[in-house]
2 protein chains.
Amino acid sequence: MIELDEMDDDLRKIHEASMAVLEQTGMRFHHPKVLEIMRQNRIRIEGQTAFFTRAQVIDWVSKAPTHFKMHARNPNYDFVVGGDHVEVCPGSGSSFVCEVDGTKHAALMSDYINFLKLYHQSSYYKVNGGIVVQPTDIGRSTIAMMLYATMVYSDKVIITGTGTAEEVEQLMDMLGIVFGGKISLAEKPRCLTIVNTNTPLQFDTNMLDTMMVFNKYKQPVVIAAASMAGTTAPMTLAGTIALANAEVLAGIAVAQMINKGTPVIYGSQSTTSDMKTGSIAIGSPEGALAYQYAARLAKSYGLPCRGGGTLTDAKTLSVQAGYESMLTLLASYSAKTNLIFQSSGIMDSYNSMCYEKFIADLEIIGMVKRYVNGVKVNTETLAVDEITEIGIAGQFLTSDHTMKHFRKEPFLPDISLRGAVTGDPSDKLMDNIKTKKDKLLASYCKPELSTEVQGKLVEYLLECGYDSQLIESLT
Amino acid sequence: MIELDEMDDDLRKIHEASMAVLEQTGMRFHHPKVLEIMRQNRIRIEGQTAFFTRAQVIDWVSKAPTHFKMHARNPNYDFVVGGDHVEVCPGSGSSFVCEVDGTKHAALMSDYINFLKLYHQSSYYKVNGGIVVQPTDIGRSTIAMMLYATMVYSDKVIITGTGTAEEVEQLMDMLGIVFGGKISLAEKPRCLTIVNTNTPLQFDTNMLDTMMVFNKYKQPVVIAAASMAGTTAPMTLAGTIALANAEVLAGIAVAQMINKGTPVIYGSQSTTSDMKTGSIAIGSPEGALAYQYAARLAKSYGLPCRGGGTLTDAKTLSVQAGYESMLTLLASYSAKTNLIFQSSGIMDSYNSMCYEKFIADLEIIGMVKRYVNGVKVNTETLAVDEITEIGIAGQFLTSDHTMKHFRKEPFLPDISLRGAVTGDPSDKLMDNIKTKKDKLLASYCKPELSTEVQGKLVEYLLECGYDSQLIESLT
């Protein structure tokens, strides 16, 4: 349900600005089929540009579901997208893997698999896959192989990459093999993908191809803008948010024209540009605000939302990586962003994934989860009897009440140093990180996937012409 | 004004628990004079323990001012304490100075002066002094020398240390020399100090001595508890907050008995213990919650509040220092904590001050200030005309609107790395920190302090028997 009446003044002004942009300037869709669908729905088209009236935007956006359930192969990982429910989701899109000191190597399929294992092992995640990293050693068309690896190495909710219509249809074929047929896919959301606008005010062919196929099978699509204040969007944050809002709403409206009721997620990774370098500044306070506003806008449109992350422009696992990642994650969590993508491992403005940052970010996630969980206030937790009994100048360390609560009440850090540390404290912190990473990888077990289903997947991939050695190596 | 009616359910339950503790268990005051004052005000005393009824607590606490103005020697630094106004305040209490890698040395008077200079130079601070570090090379009685240095090196609002009644009277004498006589001191709040309870439920002699002298001259006192869940307070956060609340309210009530209407600040640094080591965990999410609840409670009692900081248990300037400091500062800022002490430089659970952390924390403060400043939404910032003019696929980098706003709209980082970095990025970040620190120190100029006044201060200190060489070295 769209609750425009309940928007506060600022949100309403942003909304009005977005509507004015879609009405006056419109949005360019590099996709004849999509343009034709819009034309059939009485959207005014000039060349490749679509102009939406306010009523059209509101009307179409209101057809999107307010929430829906994601179904994993292992139902323990099912979850609802929408409302105030928050799920952290993997990093996405980096072509490099970096060390703690910033040294980079091109991401490999082995890195992709390592990250699949790590996400599979972390109890914080119910989602896996997508472009956790972009492997550079498996040829050009990678999304089918990445999906195959995701399903072999994890039974959590699936994310996929994007591609041409043909490539994305292959993904649906593969999902069909695993989930009881392609036709019945539309009955349950099984996988997510992220479709980005091309700011300002364009939608590329591949993105629309991907969206059309996902819409057809009613698989959820995150429609996201990544406007950068001062370069691809106005310098002032309100304008950047309004522009991103216009683009995302247009995308959502079009998705509903393609297939009414198809699940969509309002996404935004908009932030500011760094005005000294012109580069994106994803760990900035402006970013944190933009991620928050995206969530607030989405909620007032009655849409599930995606944003945030443990985002940083730091090049190394430094104090900067810490303060930026905490700010952006806390902002996203506080806004109850439903899907917090890029929530671990991201370094250097989306350019790299870092194993050690991944582990540090798990700590940040744990802290933020504890923080937003707040203070439970009841007779047991207020512990007046306990205080009375222990009395003035007493100690609580050895009390029954402490014994009862010390494992569950506080966040128990995995890597952070507290108290006295023997030896070099920098080494100790890095040791803790390494130990945790090694433990997660060492405890990894492949989830159940029937030989029959896996055989069919392999057969299908071979039919599609994928490299048999590569398939073999992933199996 | 006390707004118990407006407390939400959780705050009210905490309040009730605190009242029960003060009524049933009471609080021990190691100070015959203070006990006598309480007795005269019909507080029930048994031995050294005072038992307060609910009505007594509420009645006395309601006599404290809701807000007041701090007056600096330079009126540009005057500010109001109370309401939703937030000021960051220096680090306090560390006896060590540590390097980026955690290497420590005992704090020296030269460190004390360096930090005075840095706080004087930072535009974020209107306050200076106190136990910025505890110098270990100037003998036992240090608070007079520290105040002297503070007034020589800065003309911002003053913080002082605590001590015996005699030592604190000396501070008032010195303030009297600078601010037109000791008698008229009570007319304007000139300096702040922090008085801590001894959890659970005790007040030490020195702290009460300090409080009595400050109350006498109506100089503001932060009355703070630093309960640690699981060791000096219940494991459950609600109980820890309730216990701290009881202690602070008792202290505030007593301050009002000593001198009705004397300015006080509700303080709390309560947090959890780390249950693996028994050590304090100041950078924990439980700490962040406790600092927030302290502010919420204070506001519902109509009292100014103190809390928070860029708090960390990290031993080095690491990713941990970053994420913990950001969490605790953001929590305090979001709660509109009036005085955020320990807001820069603190490392290793209050044990050390670190110059480089100080600079990193300035960056964190800048980011948090920008973040809480939010998004300004108006016609100019929404920039619809700008978006319309630049249009689809355009760029905003060179537009007049961008030129107009790029210096003021985003936070401009001093040290954080963005975009491409040449050379070793770890070195680059540390270079940025060092450059900023050197720049602040190099640009430092002593503020105006008349030769006559300074002469009188020196004369007074010599009379009190302080070391002439030391005084000379600070002059």
Side-chain angles (χ1 to χ4, degrees), chain A residues 10 13 17 20-21 24-25 28 102 201 230-231 234-239 242 272 274-275 277 279 281 285-286 288-289 313 315-323 326-327 360 364 367 370-371 375 377 381-384 386-388 392 397 402 405-406 409-411 416-419 425-426 429, chain B residues 10 13 17 20-21 24-25 28 102 201 230-231 234-239 242 272 274-275 277 279 281 285-286 288-289 313 315-323 326-327 360 364 367 370-371 375 377 381-384 386-388 392 397 402 405-406 409-411 416-419 425-426 429:
Chain A
D10 282 353
K13 282 182 203 157
V21 168
Q24 294 161 25
T25 308
R28 190 174 298 158
L201 296 167
T231 50
M235 187 69 250
T236 43
L237 217 42
T272 195
D274 176 57
M275 296 315 287
T277 60
S279 307
E286 294 78 24
L289 286 167
D313 305 295
K315 316 297 167 196
T316 61
L317 192 63
S318 58
V319 64
Q320 180 188 350
Y323 57 68
M326 177 56 87
L327 172 63
I364 292 176
M367 291 173 74
R370 174 66 190 90
Y371 177 72
V375 178
V377 182
T381 60
L382 284 165
V384 173
E386 164 89 351
I387 296 171
T388 309
I392 294 169
L397 186 57
T402 298
H405 291 285
F406 83 93
E409 174 74 4
F411 166 71
S416 301
L417 304 180
R418 291 172 173 181
S426 303
L429 181 63
Chain B
D10 282 353
K13 282 183 203 156
V21 168
Q24 293 160 25
T25 307
R28 190 173 298 157
L201 296 166
T231 50
M235 187 69 250
T236 43
L237 217 41
T272 194
D274 176 57
M275 296 314 288
T277 60
S279 308
E286 294 77 24
L289 286 167
D313 304 296
K315 316 297 167 196
T316 60
L317 192 63
S318 58
V319 64
Q320 180 188 350
Y323 58 68
M326 178 56 87
L327 172 63
I364 292 176
M367 292 174 74
R370 174 66 191 89
Y371 177 72
V375 179
V377 182
T381 60
L382 285 165
V384 173
E386 164 90 351
I387 296 170
T388 309
I392 294 169
L397 186 57
T402 297
H405 291 285
F406 83 93
E409 174 74 3
F411 166 71
S416 301
L417 304 181
R418 291 172 172 181
S426 303
L429 181 64

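So you know, we letter chains A, B, ... as the sequences are listed, proteins then strands, and number each from 1. Just so you know, these numbers come straight off a predicted model, no measurement behind them.
- Closest approach of B/Y371 to A/L327, counting heavy atoms only: CG-CD1, 4.1 Å.
- Atom CZ of A/R370 is separated from atom CG of B/L237 by 6.0 Å, given to the nearest 0.5 angstrom.
- Taking 4.5 Å as the limit, every side-chain heavy atom of A/I387 sits out of range of all side-chain heavy atoms of B/Q24.
- Heavy-atom pairs under 4.5 Å with chain B peak, among A/F406, A/Y323, A/F411, at A/Y323.
- Interface summary for chain A: among B/G230, B/S426, B/A20, the most heavy-atom pairs under 4.5 angstrom belong to B/G230.
- For the options A/G322, A/S318, A/A17, heavy-atom pairs under 4.5 Å to chain B are most numerous at A/G322.
- A 4.5 Å side-chain heavy-atom check between B/T25 and A/I392 finds at least one atom pair inside the cut-off.
- Interface remark: A/A242 contributes side-chain atoms only to the contact with chain B (heavy atom separation under 4.5 Å).
- Chain B forms more heavy-atom pairs under 4.5 Å with one residue of A/T277, A/V377, A/T272 than with any other, namely A/V377.
- Among B/G102, B/P425, B/P234, the residue making the largest number of heavy-atom pairs under 4.5 Å with chain A is B/P234.
- Contact detail for A/M235 and B/E409: the closest heavy-atom pair is O-CG, 3.4 Å.
- The shortest heavy-atom contact between B/R418 and A/D274 is NH1-OD1, 3.0 Å.
- Between B/K315 and A/L429, the closest side-chain pair of non-hydrogen atoms is not below 4.5 Å.
- Ranked by heavy-atom pairs shorter than 4.5 Å toward chain B, the options A/G239, A/S279, A/A383 are led by A/G239.
- In this structure, B/E286 and A/P410 approach most closely via the heavy-atom pair OE2-CA, 3.0 Å.
- Ranked by heavy-atom pairs shorter than 4.5 Å toward chain A, the options B/I364, B/L397, B/V319 are led by B/V319.
- Taking A/T381, A/D313, A/L201 one by one and counting their heavy-atom pairs under 4.5 Å with chain B, the maximum is reached by A/T381.
- A/T316 touches chain B through its side chain: at least one heavy atom from C-beta onward sits under 4.5 Å away, while N, CA, C and O do not.
- Atom NE2 of residue B/H405 and atom CE of residue A/M275 lie 12.0 Å apart, to the nearest 0.5 angstrom.
- Of the residues considered (A/V384, A/V21, A/T231), A/T231 shows the highest number of contacts with chain B, using heavy-atom pairs under 4.5 Å.
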